[in-house]
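All remarks here apply to the structure that follows.
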Amino acid sequence: MKFLMFGAPMAGKGTLANMLNEKYSIPTVSMGDILRESIARGDKEGVLAKSYMDKGVMVPTEVVCAMIKNRLAQPDVAKGFILDGFPRTPDQLDIFVKENITDIDVVVNLEVPYERLLERVVGRRTCKDCGYIYNTGWNLGYEICPKCGGEWGIRSDDNEETYKKRYDVYISDTLPILDYFKGLGKVVTVQGGAEPEQSYQNMLEAFKASGISGLEQFNA
Ligand code: ADP
């Protein structure tokens, strides 16, 4: 089963993808993480990408397309995956379709009110070691990563100013591509404004209501 997570930055795509991953062991493929890994390795693509990401604008299409093709060709994702952050612009959608990069079974469209998105920006913490995402707004008191004990980091683009730019880019460049997937009848809309467990339940209910099944095949 191939999922595509869709929604504004801070909608909770990565969090829900991680929850699906924990429960069903479906691999997650996050474009943002692939880019950040490339930055951490100091690759020349990473150096270039960082200059765009810090401004909250899109990394050039040829860079992200090459990276995602490479990732989706690895054997661990052959059975399925949860894709987050690609395609994200009309250009990328064009290449996605023309080059038949992959097919998608379900698009999870996460809807979250703008005010809630803004609140989440200031609280997001990401584990420096395993990438686990936490938000101080969940009030769980985690001083360190509950999964691996790693230290919390704050993404350099997680501030209000950059967020507003990222949100504008989402509205102008990313939201229009949802129509393509709507046309294929693949979009399931999920209310994602609540805390993770509630949003996760909303997602499972939306799957049920849309007759989506087959998650069990992923249980190890
Ligand atoms: P968010 O969804 O919260 O913005 P991501 O980790 O998905 O976080 O993306 C962070 C940044 O990485 C984006 O602001 C953008 O600069 C870059 N990026 C991620 N995915 C893509 C993509 N498909 N195309 C171009 N740039 C991307």
Side-chain angles (χ1 to χ4, degrees), residues 1-9 11-39 41 43 45-46 48-49 52-53 58-111 131 133 166 169-170 173-190 192 200 203-204 206-207 210-220:
M1 198 122 159
K2 296 173 179 174
F3 293 90
L4 173 65
M5 304 304 286
F6 198 92
K13 304 182 292 287
T15 300
L16 286 192
N18 287 345
M19 290 169 87
L20 270 176
N21 167 270
E22 271 166 28
K23 191 139 178 18
Y24 296 102
S25 309
I26 312 174
T28 55
V29 176
S30 154
M31 190 69 238
D33 286 351
I34 293 172
L35 288 163
R36 281 182 288 276
E37 281 156 20
S38 172
I39 293 172
R41 284 194 303 269
D43 296 349
E45 294 85 357
L48 175 82
Y52 292 88
M53 291 167 78
M58 293 291 167
V59 175
T61 297
E62 58 280 14
V63 175
V64 290
C65 286
M67 285 177 169
I68 203 76
K69 277 191 223 167
N70 192 21
R71 178 65 188 93
L72 293 178
Q74 321 259 310
D76 65 311
V77 297
K79 204 164 127 190
F81 50 78
I82 309 162
L83 180 58
D84 168 11
F86 185 90
R88 205 158 155 156
T89 62
D91 273 10
Q92 291 174 19
L93 178 63
D94 230 37
I95 294 174
F96 178 85
V97 174
K98 277 195 194 126
E99 298 191 13
N100 201 9
I101 290 187
T102 182
D103 49 335
I104 295 290
D105 300 303
V106 183
V107 178
V108 177
N109 174 34
L110 269 177
E111 285 190 344
I133 304 162
R166 282 157 62 201
V169 172
Y170 168 73
D173 293 8
T174 307
L175 194 54
I177 75 174
L178 191 60
D179 287 339
Y180 167 76
F181 292 103
K182 280 189 176 158
L184 299 177
K186 308 235 157 152
V187 177
V188 174
T189 294
V190 175
Y200 185 73
M203 179 172 71
L204 295 186
F207 286 170
S210 306
I212 293 162
S213 59
L215 279 169
E216 297 68 25
Q217 62 170 308
F218 286 98
N219 267 334

For this session: Decide side-chain contact (heavy atoms from CB on, under 4.5 Å) for L4 and V106; before the verdict, give the C-alpha distance in whole Å, the side-chain angles of both, and the deciding distance to 0.1 Å.
Result: CA-CA 6 Å; L4 173 65; V106 183; over 6 Å; no
For this session: Go through the steps for L110 and K13 under the test side-chain contact (heavy atoms from CB on, under 4.5 Å), then give the verdict.
Result: CA-CA 7 Å; L110 269 177; K13 304 182 292 287; 4.2 Å; yes
Problem set entry | Closest contact, heavy atoms only, Y170 versus P9 |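 Minimum heavy-atom contact is CB-CD, 3.8 Å.
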For this session: Of all the heavy-atom pairs spanning L16 and M203, show the shortest one and how long it is.
Result: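 Closest pair (atom of L16, atom of M203, distance): CD1-SD, 4.0 Å.
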Looking at [X] and [Y], would you say the former's side chain and the latter's main chain have a donor-acceptor pair under 3.5 Å?
X	Y	answer
K79	M1	no
S210	A206	yes
K23	N18	no
N21	I26	yes

Measure the spacing between [atom1] of [X] and [atom2] of [Y] and express it to the nearest 0.5 Å.
X	Y	atom1	atom2	answer
K182	D179	NZ	CG	6.0 Å
M19	I133	CE	CD1	11.5 Å
T28	I82	OG1	CD1	6.0 Å
I177	F6	CD1	CZ	5.0 Å
K186	I104	NZ	CD1	8.5 Å
M5	F3	CE	CZ	8.5 Å

Would you mind reporting whether [Y] and [X] have side-chain heavy atoms less than 4.5 Å apart?
X	Y	value
D84	M31	no
I212	V188	yes
L20	Y200	yes
F86	I34	no
T174	M58	yes

Mind listing the side-chain donor-acceptor pairs of residues 63-72 below 3.5 Å, one per line with the distance, residues two or more places apart or on another chain?
from : atom 1 : to  : atom 2 : distance (Å)
K69  : NZ     : E99 : OE1    : 2.5
R71  : NH1    : D76 : OD1    : 3.0
R71  : NH2    : D76 : OD2    : 2.8

Exercise. Are K2 and D103 ion-paired here, with the side-chain N under 4.0 Å from a carboxylate O?
Worked result: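 D103 and K2: salt-bridged.
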Exercise. How are the rings of F181 and F96 set to each other: parallel, tilted or perpendicular (split at 30° and 60°)?
Worked result: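 F181 and F96: perpendicular rings.
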